[in-house]
Amino acid sequence: MSITEQELRSLGVPEGEPLQQAVALVRAWEAAGKDPEQMRSDIKAVLADPEPFRGDPELGRLARALSATPTIPLPNSAGAPWRQWGQKLDAEAVQQMERACRLPIALAGALMPDAHVGYGLPIGGVLATDNAVIPFGVGVDIACRMKLSVLDIPVHDLERRKDRLIRAIEAETRFGVGATFQHRRDHPVMDEDWSVSPVTRQYKDRAWAQLGTSGSGNHFVEFGILTLHEPLRGLPPGQYVALLSHSGSRGTGAAVCDYYSRLAQSRHPKLPRELKHLAWLDLDTAEGQEYWAAMELMGKYAAANHACIHKHIAQNLGVPVLLELENHHNFAWKERHRIGGREREVIVHRKGATPAGPGVLGIIPGSMASPAFIVRGKGNPASLHSAAHGAGRVMSRTAAMKRFSWKEVQRYLKERGITLISAGLDEVPMVYKDIHEVMAAQADLVEIVAQFDPRLVKMAPHGERPED
DNA sequence: ATGTAC
């Protein structure tokens with residue numbers, strides 16, 4: 001047969017009825033002496049859009065079989081190249097990465113050593129695509145990010161003025177699902193154009209009410225000791241008090257993700273169920289541009305949330321800020337990478353991955369009882385200039401709630417000198433991988449510049465509704 | 001992660 005069954009598969013003809021019809025079609029065409037190149041282009045045309053061919057005397061059967069079969073449109077037969085860092089990664093997360101790399105828009109991928117299962121792309125997944133953006137390749141919490149401020153406070157004040165520092169956290173941010181400020185914060189981000197998308201327009205008011213809040217889940221605000229191993233932006237090596245926060249774009253970012261992922265799914269109705277969260281928007285379309293603009297606004301908004309938290313805590317304490325560092329870890333960027341032997345512009349999705357281009361500084365947190373690290377990217381091309389964004393969970397939230405008790409956790413924290421202001425049992429240190437192992441697994445991606453050891457930690461109390 | 005609604 002001039003076109004083999006295997007080639008039909010690699011062209012993207014799905015198993016089952018469509019493949020049988022395609023094989024029969026090729027046999028009939030061969031008998032009629034049709035040019036194989038013409039066969040290929042006809043089959044590709046039907047695969048791209050079967051609907052117009054449903055009544056075609058030759059191609060109709062294949063077109064109808066395709067219409068009836070959920071399929072990955074134009075799958076990348078071999079899959080885009082990708083590799084993983086770390087050994088014992090969750091098998092389901094690996095499978096999600098494998099699937100994402102078979103999307104027709106996928107160019108290259110990478111899986112970070114803290115990977116675990118997410119919607120569509122795994123958490124810890126990095127995916128470079130061709131002029132398309134996947135809302136769930138960025139994640140629900142668009143622009144979830146880290147910020148660290150070194151404060152001009154003597155290190156011994158961390159213990160001596162502990163209650164004062166705790167009060168500052170309690171006063172200057174809010175935790176919990178739906179948390180808002182009764183007396184709104186203000187920030188120049190609210191002067192941006194919020195009409196770039198119907199979602200951001202509709203949610204502007206709520207976004208304002210949530211400005212400076214922290215949310216729930218794994219989000220936190222904490223004081224700790226920063227140990228600088230080398231000079232950093234004019235700050236000499238030594239020990240400092242620092243404030244570290246982790247949070248994102250709150251309800252508004254989630255609404256943006258939800259709206260544009262549904263829109264993307266409606267544009268790819270034939271994506272099989274297990275791929276529906278990988279639905280993408282073409283950046284040449286108005287919808288794609290709209291998501292991109294909304295995503296970028298959420299980037300600024302999430303940065304403003306951290307800026308408010310840090311500014312107000314520093315003001316509350318009346319202390320100068322000596323150094324600030326920050327990075328997104330749920331976002332998409334237009335970057336240039338060498339893929340398939342040539343440098344080109346691609347869309348790099350980092351969903352729970354820290355940008356780690358050459359010399360780029362980032363923050364990788366561990367858990368409430370293990371260190372965060374300030375890192376400098378090594379610009380490894382195979383990771384698409386990325387690194388892990390944390391330790392990664394080893395246990396589901398429900399499993400953690402059953403497994404642990406506060407009594408044992410409090411003893412564990414006391415032994416390590418950690419004061420926990422509040423948190424859910426599903427965020428205790430034992431639910432995370434050993435951050436040191438994660439760092440060791442990515443020694444070729446980042447170098448460690450400094451270590452931050454948490455001392456006073458605030459997270460959302462489990463199940464509690466915010467009171468303000 | 002969010003907070004509404006198969």
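Just so it is clear: chains get the letters A, B, ... in the order the sequence lines come, proteins before strands, and each one is counted from 1. Because the structure is predicted, anything quoted here is derived from the model rather than measured.
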- [ ] Let me know the distance between OH of A:Tyr301 and C1' of B:dA1, rounded to the nearest Å.
- [x] 13 Å

TODO: Mind calculating the distance between CG (A:Asp258) and P (B:dC6) to the nearest angstrom?
DONE: 10 Å

TODO: Could you check A:Ser67 against A:Glu51 for side chain to side chain donor-acceptor pair (under 3.5 Å), going step by step and ending with a plain yes or no?
DONE: CA-CA 7 Å; A:Ser67 301; A:Glu51 293 309 314; 3.1 Å; yes

- [ ] Indicate, with yes or no, if the rings of A:His246 and A:His329 have centres closer together than 6.0 Å.
- [x] yes

Task: Side-chain N or O of A:Gln210 closer than 4.0 Å to phosphate OP1/OP2 of B:dG3 - done: yes

Open item on the list: Test your reading of the model: is there a side-chain donor-acceptor pair from A:Thr354 to the backbone of A:Ala388, 3.5 Å cut-off?
Closed with: yes

Open item on the list: Please determine whether a side-chain nitrogen or oxygen atom of A:Ser216 lies at a distance below 4.0 Å from atom OP1 or OP2 of B:dT2.
Closed with: yes

- [ ] Ignoring backbone atoms, test whether A:Arg250 places a side-chain nitrogen or oxygen under 4.0 Å from the OP1 or OP2 oxygen of B:dT2.
- [x] yes

Open item on the list: Below the 4.0 Å mark, does B:dG3 have OP1 or OP2 next to a side-chain nitrogen or oxygen of A:Arg206?
Closed with: yes

Open item on the list: I need the CZ-C1' distance between A:Arg174 and B:dA1, as an integer number of Å.
Closed with: 20 Å

Task: A:Phe373 side chain near A:His436 side chain, heavy-atom distance below 4.5 Å - done: yes

Open item on the list: Please tell me whether A:Tyr260 and A:Trp280 form a close aromatic pair, meaning their ring centres lie under 6.0 Å apart.
Closed with: no

Task: Nucleic acid contacts - residues 389-400 of chain A versus DNA chain B, non-hydrogen atoms under 4.0 Å - done: A:Arg397

Task: Polar side-chain atom of A:Asn330 near backbone of A:Gly352 as donor-acceptor pair, under 3.5 Å - done: yes

